[in-house]
Amino acid sequence: MTPRTLVAITIGALAPVWAYAMLVHGGAYVALASSVCVLLVAWTLYTVFGPHDESATERADAGAR
């Protein structure tokens, strides 16, 4: 998943979160707390599935050859 795709999905997810929080629950506090949760999930997904450098094990194996 590219960073641009993740940002687009996150912004797309924030719209219904804010709409629900403001229209159903009627509170900016709920909207902000929900937004933090959405951003935390997006960051976690990027960290887990995003591009990574070589692991330390792969570097050690390459150096031993």
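Counting from 1, the numbers follow the sequence of the chain as shown. No hydrogens, no waters, no symmetry mates; every other heavy atom, side chains included, goes into these values.
- Judged as a side-chain contact (heavy atoms from CB on, under 4.5 Å), and not counting sequence neighbours, the contacts of Val30 are Ala21, His25, Ser34.
- The heavy-atom pair separating Val38 from Ala13 by the smallest distance is CG1-CB, 4.1 Å.
- In this structure, Ala42 and Thr10 approach most closely via the heavy-atom pair CB-OG1, 3.2 Å.
- Taken from OG1 in Thr5 to OH in Tyr46, the straight-line distance is 11.0 Å, to the nearest 0.5 Å.
- One hydrophobic cluster, built from ILVMFWY side chains closer than 4.5 Å, cannot hold both Leu39 and Ile11; they sit in different ones.
- Atom-to-atom distance recorded for Trp18:CH2 and Leu32:CG is 4.5 Å, nearest 0.5 angstrom.
- Hydrophobic clustering (side-chain heavy atoms under 4.5 Å, transitive across Ile, Leu, Val, Met, Phe, Trp, Tyr) groups Val48 together with Val41.
- Distance CH2/Trp43 to CG/Leu6: 9.5 Å, rounded to 0.5 Å.
- Closest of all the heavy-atom pairs between Met22 and Ala31 is SD-CB, 4.1 Å.
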